[in-house]
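Comments concern the structure below.
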Amino acid sequence: TLLDVVINKNLDISGFGACEGTLACSTCHLVFEEDVFDRLEPMVDEEVDMLDLAYGVTKTSRLGCQVT
Ligand code: FES
């Protein structure tokens, strides 16, 4: 997942991925360009529910811990 990339590359993004990918936080919220978003795997219901709680959600938002 993109959360794995952040962890493995030791990227210093404050607070990103607080729940370690267990769909309990939405701190991994990312906004994609539309053409990239359209190529991602569909969201599961749990991601949709948690994304609803994220700040500044757009129509191309995803949770980075769910994007492979
Ligand atoms: Fe918490 Fe993605 S890391 S929902």
Side-chain angles (χ1 to χ4, degrees):
T1 68
L2 293 179
L3 175 60
D4 295 322
V5 172
V6 170
I7 292 169
N8 294 338
K9 295 289 183 187
N10 240 350
L11 302 178
D12 186 17
I13 305 174
S14 180
F16 190 91
C19 78
E20 301 177 343
T22 59
L23 278 174
C25 72
S26 80
T27 59
C28 60
H29 175 210
L30 298 171
V31 177
F32 292 87
E33 293 180 359
E34 199 161 329
D35 61 324
V36 175
F37 179 86
D38 290 343
R39 286 182 273 142
L40 301 176
E41 293 291 318
M43 282 190 267
V44 297
D45 290 344
E46 291 82 1
E47 181 181 359
V48 175
D49 291 345
M50 188 51 62
L51 196 52
D52 280 344
L53 303 176
Y55 175 77
V57 174
T58 75
K59 65 179 183 168
T60 61
S61 288
R62 292 293 303 266
L63 293 178
C65 68
Q66 302 302 304
V67 175
T68 55

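As the structure lists them, so they are numbered: ligands from 1, and atoms in each ligand from 1. Just so it is clear, the model here is predicted, and its values are computed rather than measured.
Other residues, nucleotides and ligands place no more than 12 heavy atoms under 6.0 Å from the CG atom of D12.
In this structure, T27 has no side chain to side chain donor-acceptor pair (under 3.5 Å) partners at least two apart in sequence or on a different chain. Taking Q66 as the reference, nothing meets the side chain to side chain donor-acceptor pair (under 3.5 Å) condition, with sequence neighbours excluded. The side chain to side chain donor-acceptor pair (under 3.5 Å) search around D4 returns T1, not counting sequence neighbours.
Not one N or O on the side chain of T60 forms a donor-acceptor pair closer than 3.5 Å with the backbone of E33. Checked by atom type and distance alone, the side chain of H29 pairs as donor or acceptor with a backbone atom of Y55 at under 3.5 Å.
Protein residues with a heavy atom closer than 4.0 Å to ligand 1 are G17, C19, G21, L23, A24, C25, S26, C28, C65, listed by chain and number.
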